Amino acid sequence: MKKATAIIGTLIGVLIVASLAVFVKFVYPRYIEPGNTYSKAAALYNSGDYQRAAMTFSTIPGYRNSSAMALDSWLRAGNAKMQSGDLDGAYACYQRANADESVFESIDEAYFERGKALYASDPDLAEANFDCINSDTYSVEIDSVRISYAAECIIKGEYEAAAQFFSLCSKDRSDEISELWYAEGRDLLERYELANAYRCYNNARKCTSDAMLSDMLTRISNDWSEAMLKALANEDTELIEEFFSYSSMFSAENVMAERDRLRYEQACAYYDAGDYRSALSLLLTVSEGYERSADMIADIRARIARSAAAGGSELGAYLDMNGSITLLGSGWSISAPNWANIESIAVGKSAFLLGVRSNGTVVAKGASSYDRHKVDDWKNIVAVACGRYHSIGLTGSGKVLSCGWNYYGQRMTEAWHDIIAVACGSQTSYALNNEGRVFAVGDDSMGQLNVGSWRNITAICAGENHIVGLQNDGKCLAAGNNSAKQCNVSAWSDIVAISAGNNHTVGLRSDGTVVAVGDNTFGQCNVSGFTDVAAIAAGGDFTIIVFSNGDYTVIGDNADAGSYTFNAE
């Protein structure tokens with residue numbers, strides 16, 4: 001009996017321990033602890049301690065309405081911090097609260113008003129507040145505050161401080177700033193304070209925009225001449241000598257020479273560092289014929305011209321001048337390749353990308369169907385193209401290499417020589433030789449190989465099942481599938497570049513405008529409004545438009561399909 005009682009006691013103990021373990025491990029954390037935490041959070045909320053309440057509610061997101069209460073608490077915490085002037089804290093709380101855009105606008109307004117009030121006493125702290133503004137809404141007002149403060153510095157003779165705060169302003173205000181310097185220079189000149197007058201005039205002409213520079217220099221020169229004539233009339237020898245020491249400082253020739261030199265040197269620095277976009281913007285403001293300007297501009301223009309590539313229905317790519325590649329469209333399923341020193345790219349009719357490095361080697365990324373990616377041993381390559389399942393590469397010696405599917409004989413390129421350009425259709429390969437003739441191999445089911453009679457061709461492009469050739473007189477020829485009128489290019493003139501998509505064709509005119517024919521189901525041919533265009537690329541149902549400054553846009557079915565950017569490493 002005692003033994004049975006002991007066993008029962010032991011079992012009861014085990015059950016109690018087990019029950020406690022179950023309670024501690026499962027019941028308490030799932031039911032008791034969240035309830036206690038919720039009660040604590042609610043108490044904090046009711047007491048007005050919203051930030052701690054938000055943090056506490058956030059620890060039990062799945063319990064009752066904790067998630068909603070956390071958001072409400074963060075919002076109230078943000079409101080409290082706004083009232084106390086803690087704008088940084090308010091911003092952080094509003095972010096956690098997923099607050100409406102209008103709430104963040106109120107923070108920007110508060111930062112602006114505080115910065116504006118602080119500027120007279122502590123401009124550095126004021127600028128720190130301006131830096132916290134996230135929108136561009138106050139950019140004009142901020143510049144006005146800076147200009148007002150800098151103008152006061154000018155009146156006080158604090159020219160370095162004035163220049164510092166003027167430098168923070170947008171270039172759109174440069175002529176306004178220039179006028180302030182000019183007015184101060186004129187007042188100083190009337191008092192014959194030549195050194196400071198020259199300093200202010202010099203700042204005026206430095207700030208003046210190119211459009212207003214000639215007028216500004218004329219006004220300064222006239223002021224200087226009139227003041228010098230007065231000194232001559234007064235026979236003030238010492239003053240006259242001082243005038244003559246500045247006599248040529250404001251001549252248009254000297255000013256433009258200095259401006260060209262400074263801009264050219266900065267442009268060269270940008271160019272050598274690979275910042276081609278910044279280099280181009282400066283080089284275009286330098287006088288024509290300045291040292292190596294033309295060569296650098298031509299190189300950058302060439303980079304822009306080969307920046308866009310397109311392939312299948314949702315497959316495009318953009319090679320930025322700084323070496324980064326953006327994959328355009330939802331058709332890509334590849335990871336970001338770590339490519340560097342890429343000079344040009346090509347996109348296949350399915351998810352496949354080729355890149356030509358500056359050393360003449362080739363890299364490939366994408367589905368490796370039929371070994372179309374076997375380009376590792378290619379050397380001295382200057383251009384590439386790829387179809388649906390094959391790739392071709394043009395060597396510097398004018399030969400054409402190939403890999404991938406060869407069912408239609410699209411890789412029979414060995415006999416070609418003296419080639420200067422290549423292109424691929426879906427199952428076709430094309431080449432242009434140095435005499436302006438075009439060669440073609442592969443699928444001819446739609447007459448897309450009928451190019452034997454073409455002459456005087458300077459460029460070629462291929463769509464899914466059609467090919468277009470650009471003649472040296474700016475006119476175009478086409479062959480192959482014309483079901484969507486994509487080959488109706490005979491009326492085009494003054495064309496300098498061409499690109500063919502699946503069922504449409506795009507042409508770039510010498511004046512930077514664009515023309516297009518073919519399927520326009522998705523608006524891929526709506527190009528009439530574009531100007532200042534430098535490059536084009538037609539994809540399946542979309543068109544990439546690249547502008548002369550390197551910016552780009554995508555129209556058609558791919559316009560909202562998404563983009564994926566990676567930087568060359």
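Since we're looking at a predicted model, the values are computed, not measured. Below, all heavy atoms of this structure are taken into account, side chains as well, without hydrogens, waters or symmetry copies.
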message: Do Arg146 and Phe166 form a cation-pi contact, if we require the NZ or CZ to be under 6.0 Å from the six-membered ring centre and within 45 degrees of the ring's axis?
response: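 No, Arg146 does not sit over the ring of Phe166.
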- prompt: Looking at Asp210, Thr285, Thr208, which hits side-chain hydrogen bond (donor to acceptor under 3.5 Å, both in side chains) with Arg259?
  reply: Asp210
Of all heavy-atom pairs between [X] and [Y], which one has the smallest distance, and what is that distance?
X      : Y      : result
Asp88  : Cys132 : OD1-SG, 4.1 Å
Gly311 : Asn502 : O-OD1, 4.1 Å
Cys476 : Leu470 : SG-CD1, 3.9 Å
Gln471 : Ile457 : CG-CD1, 3.7 Å
Ser499 : Ala537 : OG-CA, 3.4 Å
Ile381 : Val356 : O-CG1, 3.4 Å

- prompt: Ring centres of Tyr270 and Tyr276 under 6.0 Å apart?
  reply: no
Between [X] and [Y]: side-chain donor-acceptor atoms closer than 3.5 Å:
X      : Y      : answer
Thr395 : Asn380 : no
Arg372 : Ser350 : yes
Arg173 : Ser144 : yes
Asn472 : Thr458 : no
Ser426 : Arg388 : yes

Expected output: side-chain [X] to main-chain [Y] donor-acceptor under 3.5 Å:
X      : Y      : value
Asp557 : Asp541 : no
Thr543 : Gly539 : no
Glu435 : Asn433 : no
Asp444 : Leu449 : yes
Tyr94  : Asn79  : yes
Thr413 : Val400 : yes
His373 : Cys403 : no
Gln448 : Asp443 : yes
Ser139 : Asp136 : yes
Asn481 : His466 : no

Flag side-chain contact, heavy atom, 4.5 Å: [X] against [Y]:
X      : Y      : answer
Thr137 : Glu105 : no
Met82  : Ser106 : yes
Ile545 : Phe547 : yes
Val422 : Val384 : no
Trp74  : Gln95  : no
Gln410 : Thr428 : no
Lys374 : Ser368 : no
Ile392 : Cys424 : yes

message: Quick test of your reading of the model: are Arg292 and Asp295 salt-bridged, counting only N-O distances below 4.0 Å?
response: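 Asp295 and Arg292: not salt-bridged.
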query: Do NZ/NE/NH1/NH2 and the carboxylate oxygens of Asp320 and Arg277 come within less than 4.0 Å?
result: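 A salt bridge is present here (some side-chain N lies under 4.0 Å from a carboxylate O).
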field: Audit row: Trp378, Thr361, side-chain contact (heavy atoms from CB on, under 4.5 Å) steps and yes/no
entry: CA-CA 6 Å; Trp378 288 6; Thr361 60; over 6 Å; no
- prompt: Where does the angle between the aromatic ring planes of Tyr290 and Tyr264 fall among parallel (under 30°), tilted (30 to 60°) and perpendicular (over 60°)?
  reply: tilted
query: What is the ring orientation for Trp405 with Tyr408, classed by angle as parallel under 30°, tilted 30 to 60°, or perpendicular over 60°?
result: perpendicular
Separation of [Y] [atom2] from [X] [atom1] (nearest 0.5 Å):
X      : Y      : atom1 : atom2 : value
Leu282 : Cys268 : CG    : SG    : 10.0 Å
Leu283 : Arg301 : CG    : CZ    : 10.0 Å
His504 : Gln524 : NE2   : CD    : 5.0 Å
Asn456 : Lys475 : CG    : NZ    : 13.5 Å
Ile297 : Tyr271 : CD1   : OH    : 11.0 Å
Thr505 : Gln486 : OG1   : CD    : 6.0 Å

message: Pair Leu353, Leu327 - check side-chain contact (heavy atoms from CB on, under 4.5 Å), show working.
response: CA-CA 9 Å; Leu353 180 71; Leu327 301 182; 3.9 Å; yes
field: Lys399 atom NZ, neighbour heavy-atom count above 12 within 6.0 Å
entry: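 Yes, enclosed.
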- request: Under the side-chain hydrogen bond (donor to acceptor under 3.5 Å, both in side chains) rule, what do Ser278 and Asp275 come out as? Steps first, then yes or no, please.
  value: CA-CA 6 Å; Ser278 297; Asp275 186 356; 2.9 Å; yes
message: Pair Tyr430, Phe439 - check ring-ring contact (aromatic ring centres under 6.0 Å, His included), show working.
response: CA-CA 6 Å; Tyr430 302 94; Phe439 304 101; over 10 Å; no
- request: I would like to know whether Arg437 and Leu432 meet side-chain contact (heavy atoms from CB on, under 4.5 Å); could you show each step before the answer?
  value: CA-CA 6 Å; Arg437 298 184 58 186; Leu432 170 66; 6.0 Å; no
task: Would you please test Glu314 and Ser330 for side-chain hydrogen bond (donor to acceptor under 3.5 Å, both in side chains) and show each step?
output: CA-CA 6 Å; Glu314 295 180 349; Ser330 60; 2.4 Å; yes
- prompt: When you look at Ile536 and Val527, which way does the side-chain contact (heavy atoms from CB on, under 4.5 Å) test go after all the steps?
  reply: CA-CA 11 Å; Ile536 51 176; Val527 298; over 6 Å; no
